[in-house]
Enquirer: 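One structure, pasted below without further comment.
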Amino acid sequence: MPGIDRLLTLPQYVAPHHALSRLAGRIARIRHPGVRTFLIKSFLAFYDVDLDEAERSSIDDYASFNDFFTRALQPHVRPLARDPNALVSPADGAISQIGTLARDRLLQAKGRDYSLAALLALDASAAARYRDGNFLTVYLAPHNYHRVHAPFGGRITAIRYVPGQLFSVNQRTARCVDRLFARNERVVVEFETAHGQIAVILVGAMLVASMELTVCDLSAATSAVMNGSAACNAPAGGDFGSLERGDELGRFNMGSTVIIVGEAQRWQWLPELHAGSVLRMGQALTTADRSGAR
């Protein structure tokens with residue numbers, strides 16, 4: 001199996017990631033009724049999507065495939081965990097990895113880890129506050145709901161756009177590509193919360209045409225940087241403000257991965273959570289008696 005994984009992953013090293021993703025984005029935004037209907041029906045033939053949960057349950061109510069893919073849900077279908085001190089899942093998906101950092105290293109897959117500083121696009125000293133902290137990686141499959149929400153209430157202290165590659169982020173690629181999540185294009189959002197500092201990282205992937213945030217326009221940061229990273233400018237008020245637990249933070253225009261990283265000794269994951277666990281947005285990840293909130 002490892003040999004097959006490497007063989008199937010090899011074409012991604014030479015594929016024109018960004019050109020393919022831009023093309024996918026243009027196609028996904030076509031508003032011609034015939035094209036829109038064909039794309040949505042083809043998608044539904046391959047993936048089990050519960051449209052009864054969506055605000056708009058008829059495919060005729062969507063202007064384009066991208067409009068369908070980033071669909072909003074009815075308010076009652078993703079209730080937040082009752083415990084107000086619990087961190088909640090920021091998205092629907094499945095856990096690919098969960099645990100505690102080994103000083104400043106996150107587990108990507110068996111036998112592969114990567115640097116926290118590289119993931120956050122910070123120098124080692126700035127990333128040190130998260131050392132030995134907790135992390136959770138959530139993979140959003142194509143059929144999932146693709147909006148991302150705040151895992152806990154807090155003030156947004158920084159937003160960074162980091163350019164990079166657009167490798168696929170499925171389990172096969174995670175097993176084969178070194179530093180996958182620190183190589184791919186991503187957006188880092190940091191919150192100051194009652195659980196200390198929390199970083200929520202939206203990681204781009206193959207055919208992800210773009211990522212969007214509710215609290216700032218990423219387009220200026222995206223166009224301003226070719227290497228390194230760029231801070232997203234705060235709106236006219238001078239800061240990004242705060243989000244409550246469960247508020248919408250952003251969305252993927254096609255699917256990808258969300259990573260949460262927090263400071264050491266601030267919380268513990270629920271023991272029933274493990275790699276492979278299926279999550280729904282709003283589901284409790286910690287409990288008050290296990291958290292280090294203070």
Enquirer: In the single-linkage hydrophobic clustering (I, L, V, M, F, W, Y; side-chain heavy atoms under 4.5 Å), do V88 and L202 co-cluster?
Expert: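 Unlinked, V88 and L202 end up in two clusters.
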Enquirer: Distance from R251 atom CZ to M211 atom CE, nearest 0.5 Å?
Expert: 14.0 Å
Enquirer: Any idea which heavy atoms bring A72 and R147 closest together, and the distance?
Expert: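 Between these two residues, the closest heavy atoms are N-NH2, 3.5 Å.
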Enquirer: Would you name the heavy atoms of F152 and A86 that are closest together and state the gap between them?
Expert: CD1-O, 3.7 Å
Enquirer: Give a yes or no on this: more than 12 heavy atoms of other residues, nucleotides or ligands lie within 6.0 Å of atom CZ of R31.
Expert: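 No, CZ of R31 has 12 or fewer neighbouring heavy atoms, counting only those of other groups under 6.0 Å.
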Enquirer: Closer than 3.5 angstrom, by distance alone: can the side chain of D67 be matched with the main-chain N or O of A63 as a donor-acceptor pair?
Expert: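 Answer holds: yes.
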Enquirer: Please evaluate residues M206 and V169 with respect to the criterion side-chain contact (heavy atoms from CB on, under 4.5 Å), reporting the C-alpha separation (whole Å), side-chain torsions for both, the decisive distance (0.1 Å), and the verdict.
Expert: CA-CA 8 Å; M206 185 79 76; V169 290; over 6 Å; no
Enquirer: Are I260 and L273 grouped together when hydrophobic residues (ILVMFWY) are joined by side-chain heavy atoms under 4.5 angstrom apart?
Expert: yes
Enquirer: Looking only at heavy atoms, what is the nearest atom pair of A109 and A174, with distance?
Expert: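 Scanning both residues completely, I find the closest heavy atoms to be CB-O, 3.5 Å.
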Enquirer: Looking just at side-chain N and O atoms, do T173 and N170 make a donor-acceptor pair shorter than 3.5 Å?
Expert: yes
Enquirer: Can you get from L166 to Y114 by hopping between Ile, Leu, Val, Met, Phe, Trp and Tyr side chains that sit under 4.5 Å apart?
Expert: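 Looking at the clustering, Y114 is in a separate group from L166.
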Enquirer: Look at the side chain of R179 and the backbone N and O of S115, then say whether any donor-acceptor pair between them is shorter than 3.5 Å.
Expert: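 The answer is no, because no donor-acceptor pair under 3.5 Å joins these two groups.
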Enquirer: Give me the atom names and distance for the closest heavy-atom approach of V77 to L73.
Expert: CG2-CB, 3.7 Å
Enquirer: Once you round to the nearest 0.5 Å, how far does CG of L106 lie from CG of D113?
Expert: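 Between L106 CG and D113 CG, I get 8.5 Å after rounding to 0.5 Å.
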Enquirer: Treating Ile, Leu, Val, Met, Phe, Trp and Tyr as nodes and any side-chain heavy-atom pair under 4.5 angstrom as an edge, say whether V138 and Y145 lie in one connected cluster.
Expert: no
Enquirer: Going from CD on Q283 to CG on L87, what distance comes out if it is rounded to the nearest 0.5 angstrom?
Expert: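 So the CD of Q283 and the CG of L87 are separated by 12.5 Å.
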Enquirer: What heavy-atom pair brings V258 and P90 nearest, and what distance separates the two atoms?
Expert: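 Looking at all heavy atoms of both residues, the closest pair is CG1-CG, 3.9 Å.
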Enquirer: For the pair N134 (side chain) and T100 (backbone), establish whether a donor and an acceptor sit closer than 3.5 Å, ignoring hydrogens and angles.
Expert: no
Enquirer: Please determine, by modelled atom types, if E212 and T70 share a side-chain donor-acceptor pair under 3.5 angstrom.
Expert: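 No, no side-chain donor-acceptor pair sits under 3.5 Å.
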Enquirer: As a quick check of understanding, evaluate side-chain contact (heavy atoms from CB on, under 4.5 Å) for I27 and F65, giving each step before the final call.
Expert: CA-CA 8 Å; I27 294 172; F65 178 77; over 6 Å; no
Enquirer: What is the distance from atom CD1 of I259 to atom CG of L136, rounded to the nearest 0.5 Å?
Expert: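 Separation between the atoms: 9.0 Å.
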Enquirer: Taking atom types as modelled and ignoring hydrogens, do the side chains of N66 and S64 form a donor-acceptor contact shorter than 3.5 angstrom?
Expert: no
Enquirer: List the steps, then state whether side-chain contact (heavy atoms from CB on, under 4.5 Å) holds for F181 with I201.
Expert: CA-CA 9 Å; F181 303 121; I201 303 98; over 6 Å; no
Enquirer: Please verify the inter-ring angle class for W267 with W269; under 30° counts as parallel, over 60° as perpendicular, anything in between as tilted.
Expert: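 Perpendicular, since the angle between the ring planes exceeds 60°.
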Enquirer: Would a distance-only check, ignoring hydrogens and angles, find a side-chain to backbone donor-acceptor pair under 3.5 Å from D83 to N85?
Expert: yes
Enquirer: Given the rule in the side-chain contact (heavy atoms from CB on, under 4.5 Å) test, do V148 and F252 qualify, once you have shown the distances and angles that lead to the verdict?
Expert: CA-CA 8 Å; V148 180; F252 291 108; 3.9 Å; yes
Enquirer: Is a salt bridge present between D61 and R56, judged by a nitrogen-to-oxygen distance below 4.0 Å?
Expert: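 Answer for the salt bridge query: no.
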Enquirer: Which pair of heavy atoms, one from L51 and one from R71, lies closest together, and at what distance?
Expert: CD2-CD, 4.1 Å
Enquirer: Looking at D52, is its backbone amide N or carbonyl O close enough to the side chain of Q74 to form a donor-acceptor pair, meaning the two atoms are under 3.5 Å apart?
Expert: yes
Enquirer: Supply the atom-to-atom distance E192 CD to Q197 CD, rounded to the nearest 0.5 angstrom.
Expert: 4.5 Å
Enquirer: Classify the ring geometry of Y62 against F68: parallel below 30°, tilted from 30° to 60°, perpendicular beyond 60°.
Expert: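 Rings of Y62 and F68: perpendicular, over 60°.
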Enquirer: Output yes when a side-chain donor or acceptor of T214 lies under 3.5 Å from a complementary backbone atom of L249, and no otherwise.
Expert: yes
Enquirer: Are any side-chain N or O atoms of R78 and backbone N or O atoms of G246, one a donor and one an acceptor, separated by less than 3.5 Å?
Expert: no
Enquirer: Sort out for me which residue in R160, R155, R129 forms a salt bridge (Lys or Arg N to Asp or Glu O under 4.0 Å) with E190.
Expert: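 With E190 as partner, R160, R155, R129 yield a single salt bridge (Lys or Arg N to Asp or Glu O under 4.0 Å), made by R160.
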Enquirer: Are L285 and L279 packed together at the side-chain level, in the sense that at least one heavy-atom pair is separated by less than 4.5 angstrom?
Expert: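 In short, these two side chains touch, coming nearer than 4.5 Å.
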Enquirer: Applying the 4.5 Å side-chain criterion to the ILVMFWY set and letting contacts propagate, would V188 and V261 be lumped into a single cluster?
Expert: yes
Enquirer: State whether the side chain of H18 and the backbone N or O of G164 hold a donor-acceptor pair below 3.5 Å, judged by distance alone.
Expert: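 Looks like yes, one N/O pair under 3.5 Å.
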Enquirer: Taking C-beta and beyond as the side chain, do R29 and N253 meet within less than 4.5 Å on heavy atoms?
Expert: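 Yes; the side chains approach each other to less than 4.5 Å.
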Enquirer: Q108 side chain to V177 main-chain N or O, any donor-acceptor pair under 3.5 Å?
Expert: yes
Enquirer: Give, for atom CD1 of I4 and atom OG1 of T9, the distance between the pair rounded to the nearest 0.5 Å.
Expert: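 It comes to 11.5 Å.
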Enquirer: Under the 3.5 angstrom rule, does the side chain of N184 hit a backbone N or O of F167 as a donor-acceptor pair?
Expert: yes
